[in-house]
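For reference, the structure is listed below as structure tokens.
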Amino acid sequence: MSDDKKLPTRAENFSDWYNELVLRSELADYSPVRGCMVIRPHGYGVWERMQRALDDMFKATGHVNAYFPLFIPESFLSKEAEHVEGFAPECAVVTHGGGKLLEERLVVRPTSETIIYSMFAKWVQSYRDLPLLYNQWANVVRWEMRTRLFLRTMEFLWQEGHTAHVTHDEAEHETRKMLGVYRTFMESYMAMPVITGLKTDAEKFAGALRTYSCEAMMQDNKALQAGTSHNLGQKFAKAFDLKFQTEQGTEAFAWNTSWGVSTRMVGGLVMTHGDDAGLRLTPKLTPIQIVIVPIYKTDDERAATIEAAKRIADELGSFTRPDHERIRVHVDERIGIKPGAKYYHWELRGIPLRLEIGPRDLAAASGMLVRRDTREKRPIAWDVLRAELPIVLQQIQDDMLAAARARMEAHTIRERISYDRFKEIMAGDGAFVYAGWNGDPAVEARVKEETKATIRCIPDAEFRSAVAPTTCMVTGEPAKFEVLWARSY
RNA sequence: CGGGGCGUAGCUUAGCCCGGUAGAGCGCCUGCUUCGGGAGCAGGAGGUCGCAGGUUCAAAUCCUGUCGCCCCGACCA
């Protein structure tokens with residue numbers, strides 16, 4: 001069946017499209033264990049690019065990497081009341097080791113606040129020891145009922161930043177700063193615009209004073225919480241006795257923050273940019289930026305075009321160049337596969353650029369350059385590749401962000417609408433709806449119950465509407481906040 | 001954990017009602033011809049029909065149990 005070659009379309013069934021695409025583009029595969037996934041080289045290559053960029057940003061903002069253990073004594077989790085209530089139901093617990101029943105059961109970390117702050121407590125005596133600005137790259141386990149590749153798996157990879165400060169304001173500043181780092185990363189690397197803001201109490205992290213998040217719009221108009229940053233206040237410090245002597249000689253508890261992004265972002269990248277032909281990866285995150293496809297009829301032509309392709313690849317991708325001057329090139333020299341089939345192969349995998357080199361091009365020392373995002377084709381001389389490719393790649397990066405931003409704006413509603421209209425929207429195509437809220441958690445719960453939509457965040461100033469809503473969309477009472485409503489992943 | 005569905009080759013599946021030699025498409029391997037948008041022909045490899053019992057001369061097919069997976073709900077980066 002030739003239909004086997006086509007993906008389901010986004011319009012037909014967005015969910016099927018996503019699942020099929022992740023499998024067929026070889027980002028990931030299902031594992032023998034329910035709810036877990038194998039991240040294949042193409043998907044891991046994207047994650048590695050994400051890690052590298054973020055890690056540089058963390059270092060540039062003064063953080064250091066460390067590693068804390070996978071196993072946490074069960075009693076640690078219970079020390080912070082809200083935290084244990086939030087996480088206990090989804091913990092994997094080790095009861096046996098070496099064939100014996102353990103004296104104290106060990107939780108496989110669902111997140112590492114408890115173990116990290118217990119260690120911080122050991123290391124901090126004076127205000128001079130603060131701040132502590134730590135990050136770790138790790139895997140965590142949460143026993144989810146319903147899983148989806150990248151978006152929600154029982155084990156996932158992430159980074160978790162954990163810091164300790166002398167004052168509340170310093171911790172708050174850190175929380176906001178890292179949210180800003182995430183936003184910058186998502187926009188400039190993933191070309192995924194986000195709305196940042198404060199979570200309501202119902203949606204905040206278990207154990208946090210305040211949670212901020214980055215919310216991105218997927219192509220089905222649902223929101224994806226792509227990253228969170230928490231001001232933990234002194235809750236964990238008090239639970240783990242993380243205190244220090246102040247400049248004045250008094251004793252005080254430290255103020256903590258934690259912040260994280262995960263492999264979920266790979267799913268976000270797919271659902272932000274993918275089309276019915278496959279993935280569209282951004283130039284900054286794709287493992288391969290340009291694929292060269294040689295075209296030939298005879299053996300002589302094959303030898304000549306492949307030779308030219310390899311020479312170009314060596315020139316553009318040489319390891320002797322510094323990273324920022326190196327272009328990630330791949331030559332598709334597979335034999336017995338026609339050029340057309342190779343085009344589909346690389347389009348499915350989202351490679352931003354393709355260079356076709358055939359017998360006709362050899363004499364002219366040129367090739368046909370094709371963009372994955374726009375499908376635009378143009379001839380290009382070999383000798384200008386080095387100068388022009390970085391410009392084209394940056395253009396693609398910029399165009400993808402602009403396109404994603406335009407799409408988000410086209411599905412954003414800021415004018416005042418009735419709650420009935422809101423229900424219709426959420427039952428239909430969905431949207432990001434900015435509206436007034438009276439601040440009552442009961443209203444929030446009722447809307448979730450009736451429409452499955454939730455308050456994604458109380459948006460930061462730069463995302464708020466020019467004219468603030470004055471009344472609550474649901475009750476008509478005076479609005480305390482302007483909030484962003486959407487259905488979410 | 002409640003409701004629904006499904007387990008047959010690497011993948012998608014036909015066959016099951018009405019028991020009687022396990023079939024197809026895709027993919028894979030070999031060869032020849034092809035090669036500027038998913039190639040054609042010829043040959044070939046690959047299956048204890050999820051597992052365990054039972055009924056029967058005979059079970060993919062009927063019965064019982066069991067395990068696993070998928071979808072819909074409650075929980076979630």
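A note on names: the letters A, B, ... follow the listed sequences, proteins ahead of strands, and every chain is numbered from 1.
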Indicate whether any N or O donor in one side chain lies under 3.5 Å from an N or O acceptor in the other, for His83(A) and Glu85(A).
no
Taken to the nearest whole Å, NZ/Lys342(A) to C1'/C35(B) is 9 Å
Does C62(B) have a Watson-Crick or wobble partner in any strand here, with both distances under 3.5 angstrom, and which is it?
G54(B)
What is the separation between atom CD1 on Ile357(A) and atom P on C35(B), rounded to the nearest whole Å?
19 Å
Quote, to the nearest angstrom, the P distance that separates C49(B) from G20(B).
15 Å
Pair assignment for A42(B), Watson-Crick or G-U wobble, requiring both distances under 3.5 Å
U30(B)
Rounded off to whole Å, could you give me the NE2-to-P distance for the His345(A) and G38(B) pair?
16 Å
Inter-nucleotide C1' distance (U61(B), G3(B)), Å rounded:
28 Å
Between G36(B), G37(B), A77(B), which one does the side chain of Pro359(A) approach most closely?
G36(B)
In whole angstroms, the gap separating C1' of A77(B) from OH of Tyr182(A) amounts to 11 Å
Classify the angle between the aromatic ring planes of Phe76(A) and Phe240(A) as parallel (below 30°), tilted (30 to 60°) or perpendicular (above 60°).
tilted
Using a heavy-atom cut-off of under 4.0 Å over every strand shown, decide if Leu151(A) touches base, sugar-phosphate, or nothing.
base
Kindly point out which of G38(B), A77(B), C35(B) is positioned nearest to the side chain of Lys6(A)?
G38(B)
Comparing Ser488(A) and Ser15(A) on RNA chain B - which has the more 5′ nearest nucleotide:
Ser15(A)
Base, sugar-phosphate, or nothing for Arg302(A), non-hydrogen atoms under 4.0 angstrom?
nothing
Taking the side chain of Arg142(A) as its heavy atoms from C-beta onward, which of A77(B), G36(B), G38(B) lies nearest to it?
A77(B)
I need the CD-P distance between Glu20(A) and U12(B), as an integer number of Å.
9 Å
Should the pair Arg176(A)-Asp460(A) be classified as a salt bridge under the 4.0 Å nitrogen-to-oxygen rule?
yes
Would you mind classifying the nucleic acid contact of Pro89(A) as base, sugar-phosphate or nothing, using non-hydrogen atoms under 4.0 angstrom?
nothing
Testing the 3.5 Å rule here: is there a donor-acceptor pair between the side chains of Glu450(A) and Tyr419(A)?
yes
Test item: side-chain donor near acceptor, Asn135(A) and Trp259(A), under 3.5 Å
no
A22(B): pairing nucleotide in any strand, Watson-Crick or G-U under 3.5 angstrom
none
Between Gln159(A) and His63(A), do the side chains contain an N or O donor and an N or O acceptor separated by less than 3.5 Å?
no
If you look at every strand shown and take non-hydrogen atoms under 4.0 Å, does Thr211(A) touch a base, only sugar-phosphate, or nothing?
nothing
For G47(B) versus U21(B), give the span between their C1' atoms, rounded off to a whole number of Å.
14 Å
At under 4.0 Å between heavy atoms, what does Thr228(A) touch on the DNA or RNA strands: base, sugar-phosphate, or nothing?
nothing
Return the nearest nucleotide to the side chain of Met145(A); candidates are U34(B), C75(B), A77(B).
C75(B)
Rounded to whole Å, please give me the gap between CG in Asn139(A) and C1' in A77(B).
14 Å
Apply side chain to side chain donor-acceptor pair (under 3.5 Å) to the pair His230(A) and Thr211(A), showing each step before the final yes or no.
CA-CA 4 Å; His230(A) 317 288; Thr211(A) 291; 2.8 Å; yes
What nucleic acid atoms does Arg354(A) come within less than 4.0 Å of, heavy atoms only: base, sugar-phosphate, or nothing?
base
Would you say the base of G37(B) and the side-chain of Glu347(A) have a donor-acceptor pair closer than 3.5 Å?
yes
Re C6(B): Watson-Crick or G-U wobble partner, both distances kept under 3.5 Å, found to be G68(B)
Nearest to the Lys452(A) side chain among G36(B), A74(B), G73(B), which nucleotide is it?
G73(B)
So which nucleotide does C1(B) pair with, by the Watson-Crick or G-U wobble rule with both distances under 3.5 Å?
G73(B)
Heavy atoms only, 4.0 Å cut-off, all strands: where does Gly358(A) land among base, sugar-phosphate and nothing?
base
Suppose you measure atom C1' in A22(B) against the same atom in U8(B); what distance do you get, rounded to whole Å?
8 Å
Stacked cation flag Arg49(A) on Tyr189(A), 6.0 angstrom / 45 deg
no
How far does the C1' atom of U55(B) sit from the matching atom of C63(B), given to the nearest Å?
7 Å
5' priority, RNA chain B, between Lys297(A) and Phe87(A) [closest heavy atom]:
Lys297(A)
Identify whether a stacking contact exists between Tyr344(A) and G38(B), where the ring centres must be under 5.5 Å apart and the planes under 30° apart.
yes
Taking the P atom in each of G46(B) and A39(B), what is the distance between them to the nearest angstrom?
28 Å
Taking only the C1' atom of each, what is the distance from G68(B) to A52(B) in whole angstrom?
14 Å
Integer-rounded Å distance: C28(B) P and Ile337(A) CD1:
8 Å
Categorize Lys377(A) for me: base, sugar-phosphate, or nothing, with a 4.0 angstrom heavy-atom threshold over every strand shown.
base
Measuring only the P atom in each nucleotide, how far is C69(B) from U64(B)? A whole number of Å is fine.
23 Å
Whole angstrom value for the distance that separates C1' of C11(B) from CG of Leu23(A):
11 Å
Would you classify Gln225(A) as touching base, sugar-phosphate or nothing, given that sugar-phosphate means primed atoms plus P, OP1 and OP2, and contacts are heavy atoms under 4.0 Å?
sugar-phosphate
